[in-house]
Participant: 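Got a structure for you, questions after.
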Number of protein chains: 2
Amino acid sequence: MSNPAEKPGIPAVLPQASPLPAAQPTIERLSRYRRALKVALRDGATQIFSHQLAKLTGATAAQVRRDLMVVRVAGSPRYGYDIAALTEAITAYLLGGREGRRAVLVGLGRLGRAMLSYFVSRRPGLSIVAAFDTDPSKVGRVVEGCRCFPLEELAMRMAGLGTAVAIIAVPAKAAQSVADLLVCAGVTGIANFAPVSLDVPPDVFVENVDLTMSLEKVAYYAHRPAKAAGG
Amino acid sequence: MSNPAEKPGIPAVLPQASPLPAAQPTIERLSRYRRALKVALRDGATQIFSHQLAKLTGATAAQVRRDLMVVRVAGSPRYGYDIAALTEAITAYLLGGREGRRAVLVGLGRLGRAMLSYFVSRRPGLSIVAAFDTDPSKVGRVVEGCRCFPLEELAMRMAGLGTAVAIIAVPAKAAQSVADLLVCAGVTGIANFAPVSLDVPPDVFVENVDLTMSLEKVAYYAHRPAKAAGG
DNA sequence: TTGTGTGAAACCGTTCACAGCG
DNA sequence: CGCTGTGAACGGTTTCACACAA
């Protein structure tokens, strides 16, 4: 964590090695930048300007430049940013390196299976390595290349997996108990698709992906004058 | 839009009839309050305090009270808010009345079907009344009680439906052209599940539900010290 | 006395504007 | 000359704090 060249007791002025913290909206946009950069790279581009990346992701040029400060990649006024370098830097920043992160999925209902196929088809730097369910008809099956285990084995299996990320796609009633299990198993980040707010320790991050809420928001703004926005 | 008792040219000081505008975060929380209130009502409660509603939804009491200002429902210091009245007021505010809003779904892949079953099983005040797809094997089928029509018929069918809300669940490549079709058909609110940012007129609201982004955010915070948060 | 309703303050993210550089 | 990097200003949301009501 500490710079070797750093004098003892005197904090480094520019901590180059340790990643800079960033606000949640910035993290979200970095993820979009990453995807847009991959597309641009596939299309044959090698450099990109902030205003181009902005247009691709629905942001502003100033916003892009501000966001990119945290990943510590310099752009040139002449050629813009190097797409490959920037992609790698963002990947390292968000996912801790090229190999990405591993996640587990709890709940193999329709939504869970949709998530599986979604993340198997594209390789977003994040892979689902195991699934869990209580339904005996699902346990043992291999869905989208991912084996389903009984929920009781969660703690045991997670110990060897070393994954900190989990997806909850179970009915609302079961979500809290699943969250408790996951937290016990060492999970520190949860994507929660169940329509309940989970009670977890403060060091565990929960992202509530609330489909009902998203649709109701759209319904609200569909019937009011409002600026277009992205979430 | 104008109050009948209002003097001509003089704006009403307190426009009671027309709904107050609210910020996006407030809209999102109102949706969560609505769901929590329904659960509380089903559990037999009839009144609720702001701090209780806050605990149920992961907000703070002050936040709840501030949010509820826009729906113009008064609570009593002794008994709190009337759950039934509050639910009705929020429903009216978000969805324009008890009957709710109608939406159409474009794209009957795994994600689209998951959305269908999700919104058929619970009745969130929002119903999906038609689906569209280009795949001939899907067209004509009735999935989860919802008929699938060919995409070419979208404009024609939407004319009679009078729906302003649409869900895009098609591959990224097709999303923009589908959005164009929907906008032409009069849609003013879109929930976009495709991982691209859509280009739409400024009066059309787009909510990007970006599953990759959500998971990457979780992955990021799973490996950093951060406060738990809900989105 | 506890909780509501709400002005006012604090906070945080976005936008502006410009120096610096290729 | 146009773009990057960034301090500073701005605007909006959250939080505070307190008058008021039951």
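FYI, side chains are in, hydrogens and waters are out, and symmetry mates aren't considered; it's all heavy atoms of this structure. Proteins get letters first, then strands, A, B, ... in listed order; numbering begins at 1 in each.
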Participant: Rounded to the nearest 0.5 Å, what separates atom CZ in Arg35(B) from atom CE in Met213(A)?
Facilitator: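 Interatomic distance, Arg35(B) CZ to Met213(A) CE, rounded to 0.5 Å: 8.5 Å.
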Participant: With a 4.0 Å cut-off on N to O distance, would you call Arg34(B) and Glu216(A) a salt bridge?
Facilitator: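 Salt bridge present between Arg34(B) and Glu216(A).
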Participant: Rounding to an integer number of Å, can you tell me how far Met69(B) CE sits from dT14(D) P?
Facilitator: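 Nearest whole value for this atom pair: 14 Å.
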Participant: With heavy atoms of chain B within less than 4.0 Å as the criterion, where does contact along DNA chain C begin and end?
Facilitator: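 First and last nucleotides in contact are dG3(C) to dA8(C).
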Participant: From CD of Gln24(B) over to P of dT13(D), roughly how many Å is that when rounded to an integer?
Facilitator: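 Checked: the CD to P distance equals 9 Å.
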Participant: Could you give the CG-to-P distance, from Leu68(A) to dC3(D), as a whole number of Å?
Facilitator: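 Going from CG in Leu68(A) over to P in dC3(D) covers 16 Å.
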Participant: Taking the nucleotide of DNA chain C with the nearest heavy atom to each, does Arg29(A) or Phe49(B) sit closer to the 5' end?
Facilitator: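 That would be Phe49(B).
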Participant: Might you work through the side chain to side chain contact (heavy atoms under 4.5 Å, CB included) test for Val209(B) and Asn192(B), ending with a clear yes or no?
Facilitator: CA-CA 6 Å; Val209(B) 184; Asn192(B) 175 37; over 6 Å; no
Participant: Does any non-hydrogen side-chain atom of Glu207(A) lie less than 4.5 Å from one of Ile190(A)?
Facilitator: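 A side-chain contact under 4.5 Å is absent here.
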Participant: Starting at CD1 of Ile27(B) and ending at P of dT14(D), how long is that distance when rounded to a whole Å?
Facilitator: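 Those two atoms, CD1 and P, are 12 Å apart.
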Participant: Go through the N and O atoms of the side chain of Arg66(A) and the base of dG7(D), and report whether any donor-acceptor pair is under 3.5 Å.
Facilitator: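 Present.
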Participant: Quick one: is the NZ or CZ of Arg224(B) closer than 6.0 Å to the six-membered ring centre of Tyr93(A), and within 45° of its axis?
Facilitator: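 Yes.
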Participant: Check every strand shown and say whether Tyr81(B) touches a base, only sugar-phosphate, or nothing at a heavy-atom separation below 4.0 Å.
Facilitator: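 If one applies the 4.0 Å heavy-atom cut-off, Tyr81(B) turns out to touch the sugar-phosphate alone, with no base involved.
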Participant: If you measure from CD1 on Ile168(A) to CE on Met115(A), what distance do you get to the nearest 0.5 Å?
Facilitator: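 If we round to the nearest 0.5 Å, Ile168(A):CD1 and Met115(A):CE are 12.0 Å apart.
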Participant: Rounded off to whole Å, could you give me the CD-to-P distance for the Gln47(B) and dA22(D) pair?
Facilitator: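 Checked: the CD to P distance equals 15 Å.
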Participant: Name the nucleic acid region contacted by Ala61(A), choosing base, sugar-phosphate or nothing; use a 4.0 angstrom heavy-atom cut-off, strictly under.
Facilitator: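 Answer is nothing: Ala61(A) stays at 4.0 Å or more from every strand.
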Participant: May I ask you to test the Leu68(A)-Val64(A) pair for a side-chain heavy-atom distance under 4.5 Å?
Facilitator: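 Leu68(A) reaches Val64(A) side chain to side chain.
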Participant: Without decimals, in angstroms, what is the distance between Gln52(A) CD and dG2(D) P?
Facilitator: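 It works out to 15 Å between those atoms.
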Participant: Closer to the 5' end of DNA chain C via nearest nucleotide, is it Gln63(A) or Ser76(A)?
Facilitator: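 Upstream on the strand: Gln63(A).
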